[in-house]
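Order of the sequence lines sets the chain letters (A, B, ...), proteins ahead of strands, with each chain counted from 1.
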There are 2 protein chains.
Amino acid sequence: MTQFALDPYNRNCPTRRLLDRIGDRWTVLIVGALGDGPRRFGEISRRVDGVSQKMLTQTLRGLERDGLVRRTVYAEMPPRVEYALTPVGETLQEPLRALEDWAREHMGGVQDARESYDVLAGSAA
Amino acid sequence: MTQFALDPYNRNCPTRRLLDRIGDRWTVLIVGALGDGPRRFGEISRRVDGVSQKMLTQTLRGLERDGLVRRTVYAEMPPRVEYALTPVGETLQEPLRALEDWAREHMGGVQDARESYDVLAGSAA
DNA sequence: CCGTATCCTGCCCGATACTG
DNA sequence: CAGTATCGGGCAGGATACGG
């Protein structure tokens, strides 16, 4: 039985916070980076340009806690750690990918709109 | 002709920042609130529970600048202002809605995962 | 190679007060 | 009703150093 009102438009609904997490800048990119299969920490780090070690660890931990990513440690020398999407995590890929695609597709139009807007705003000053 | 490499995985690609904007907590909800047609400032404010006047104004301005929302002022007394999605803005609805739906659908599973995780973590302490 | 811990800075965002 | 301006707290997040 589902909750009667899971509504992110309500301040205190847990879906609001979940939405925050999955819309997060790093989450989007990291989940995307795991889309083609398991990846090592360093690989993700290199793929997601500009992410600090701290944020990468922190975001991966959060995703693991939420059951979206599985972390596997191999007792080798040197140590090796792999991250992979869980089945639930994989269901998140599609909506996030759609967001990425939208951004790519509309980047040009948005930039044009900004220029127009800024020109008008500037002329008012 | 499209750019050769619009890639949010690159630190300096403009799509990265666009992605930040559209994944933003308020953007998701505000665009959603405009989904059924034009809305007044106060209406949006009430619909998106917990948003401050400042963030609402700020987010709407950003969306207007990006060409996703159109702002119309009616010279009446008292003043009336309406916000509506532009055609481009409407194309954003689908991906954002998908995100909302995902959050609603998987909220339960995520909460269960968190509890398991926290129990295990706690036992280690 | 992976991860944690600490420090410190910037800026996000909410609260408040004021204009048209 | 709608919007701007200002101030200040809190926290996200980067840099660095160190442990396994």
Side-chain angles (χ1 to χ4, degrees), chain A residues 8 10-12 16-30 33-34 38-65 69-84 117 120-122 124-125, chain B residues 8 11-12 16-17 19-30 33-34 38-65 69-84 117 120-122 124-125:
Chain A
N10 281 121
R11 203 198 309 243
N12 297 122
R16 177 101 134 214
R17 263 155 291 160
L18 183 55
L19 206 49
D20 286 355
R21 276 201 60 67
I22 64 180
D24 174 81
R25 52 183 316 188
W26 299 125
T27 299
V28 175
L29 297 174
I30 290 171
L34 294 175
R39 289 284 179 271
R40 302 187 54 172
F41 187 89
E43 290 178 305
I44 308 172
S45 180
R46 264 170 272 117
R47 180 85 210 284
V48 181
D49 183 38
V51 67
S52 68
Q53 196 184 32
K54 176 180 176 178
M55 286 317 295
L56 183 52
T57 302
Q58 192 170 300
T59 306
L60 284 168
R61 281 292 175 282
L63 290 170
E64 193 193 355
R65 184 169 110 101
V69 160
R70 187 180 45 252
R71 175 171 179 271
T72 313
V73 181
Y74 297 92
E76 302 174 354
M77 206 42 203
R80 193 171 116 243
V81 181
E82 274 192 355
Y83 294 89
Y117 186 94
L120 293 177
Chain B
R11 203 198 310 242
N12 297 124
R16 176 100 134 214
R17 263 155 293 161
L19 207 50
D20 285 355
R21 277 203 61 67
I22 65 180
D24 173 81
R25 52 182 317 188
W26 299 127
T27 299
V28 175
L29 297 174
I30 289 171
L34 293 176
R39 288 285 180 272
R40 300 187 55 171
F41 188 88
E43 290 178 305
I44 307 172
S45 181
R46 262 169 274 118
R47 180 83 209 284
V48 181
D49 184 39
V51 68
S52 69
Q53 196 184 35
K54 178 179 176 179
M55 288 316 295
L56 182 51
T57 301
Q58 194 170 299
T59 306
L60 284 168
R61 282 289 175 286
L63 290 170
E64 192 193 356
R65 184 169 110 101
V69 159
R70 188 180 44 251
R71 176 172 178 270
T72 313
V73 182
Y74 296 92
E76 300 173 357
M77 205 43 202
R80 193 170 116 241
V81 181
E82 275 192 355
Y83 295 89
Y117 186 93
L120 293 177

Original post:
If you measure from CG on B/Asp24 to CG on A/Asp20, what distance do you get to the nearest 0.5 Å?
Top reply: 8.5 Å

Original post:
When we call it a touch if two heavy atoms are under 4.0 Å apart, what does B/Arg80 touch: a base, just sugar-phosphate, or nothing?
Top reply: nothing

Subject >> With sequence neighbours excluded, residues passing side chain to side chain contact (heavy atoms under 4.5 Å, CB included) with B/Arg39 >> reply: B/Leu34, B/Asp36, B/Glu43, B/Ile44

Original post:
Between D/dT4 and B/Arg61, is there an OP1 or OP2 to side-chain N/O distance shorter than 4.0 Å?
Top reply: yes

Using a cutoff of under 3.5 Å, can you pull out all pairs of nitrogen or oxygen atoms linking the protein to nucleotides 16-18 of chain D, with atom names and distances?
none

Original post:
Quick one: A/Glu82 CD to C/dC1 P, roughly how many Å, whole number?
Top reply: 15 Å

**OP:** Give a yes/no on whether any side-chain N or O of B/Arg40 is located under 4.0 angstrom from OP1 or OP2 of D/dC1.
**Re:** no

Original post:
Rounded to whole angstrom units, what separation is found between the CG atom of A/Asp24 and the P atom of C/dC12?
Top reply: 14 Å

**OP:** Whole angstrom is fine here: how far is it from CZ in B/Arg39 over to C1' in D/dA2?
**Re:** 18 Å

Original post:
Nearest-Å distance, OH (A/Tyr74) to C1' (C/dG3)?
Top reply: 18 Å

**OP:** For the helix from C/dC1-D/dG20 to C/dG20-D/dC1, figure out the bend between the end axes, five pairs an end, and round to 10 degrees.
**Re:** 40°

**OP:** Would you mind reading off the distance between A/Met55 atom CE and D/dG14 atom P, rounded to a whole angstrom?
**Re:** 6 Å

Subject >> Partners meeting side chain to side chain contact (heavy atoms under 4.5 Å, CB included) with B/Arg65 (sequence neighbours left out) >> reply: A/Arg114, A/Tyr117, A/Asp118

Original post:
Under the salt bridge (charged side-chain N to carboxylate O under 4.0 Å, His left out) test, which residues partner B/Glu82, sequence neighbours left out?
Top reply: B/Arg80

Subject >> side-chain N/O B/Arg25 vs C/dC13 OP1/OP2, d < 4.0 Å >> reply: no

Original post:
Across the strands shown, which category fits A/Tyr83 at heavy-atom distances under 4.0 angstrom: base, sugar-phosphate, nothing?
Top reply: sugar-phosphate

Subject >> Non-neighbouring partners of A/Thr59 that pass side chain to side chain contact (heavy atoms under 4.5 Å, CB included), sequence neighbours left out >> reply: A/Trp26, A/Thr27, A/Ile30, A/Met55, A/Leu63

Original post:
Between C/dT4, C/dG3, D/dC1, which nucleotide has the shortest distance from any of its atoms to the side chain of A/Thr57?
Top reply: C/dT4

**OP:** Grab the CD-C1' distance between A/Glu64 and C/dC2 for me, whole Å please.
**Re:** 14 Å

**OP:** Measure from the side chain of A/Pro78, starting at C-beta and using heavy atoms only, and say which of C/dC1, D/dG13, D/dA2 lies closest.
**Re:** C/dC1

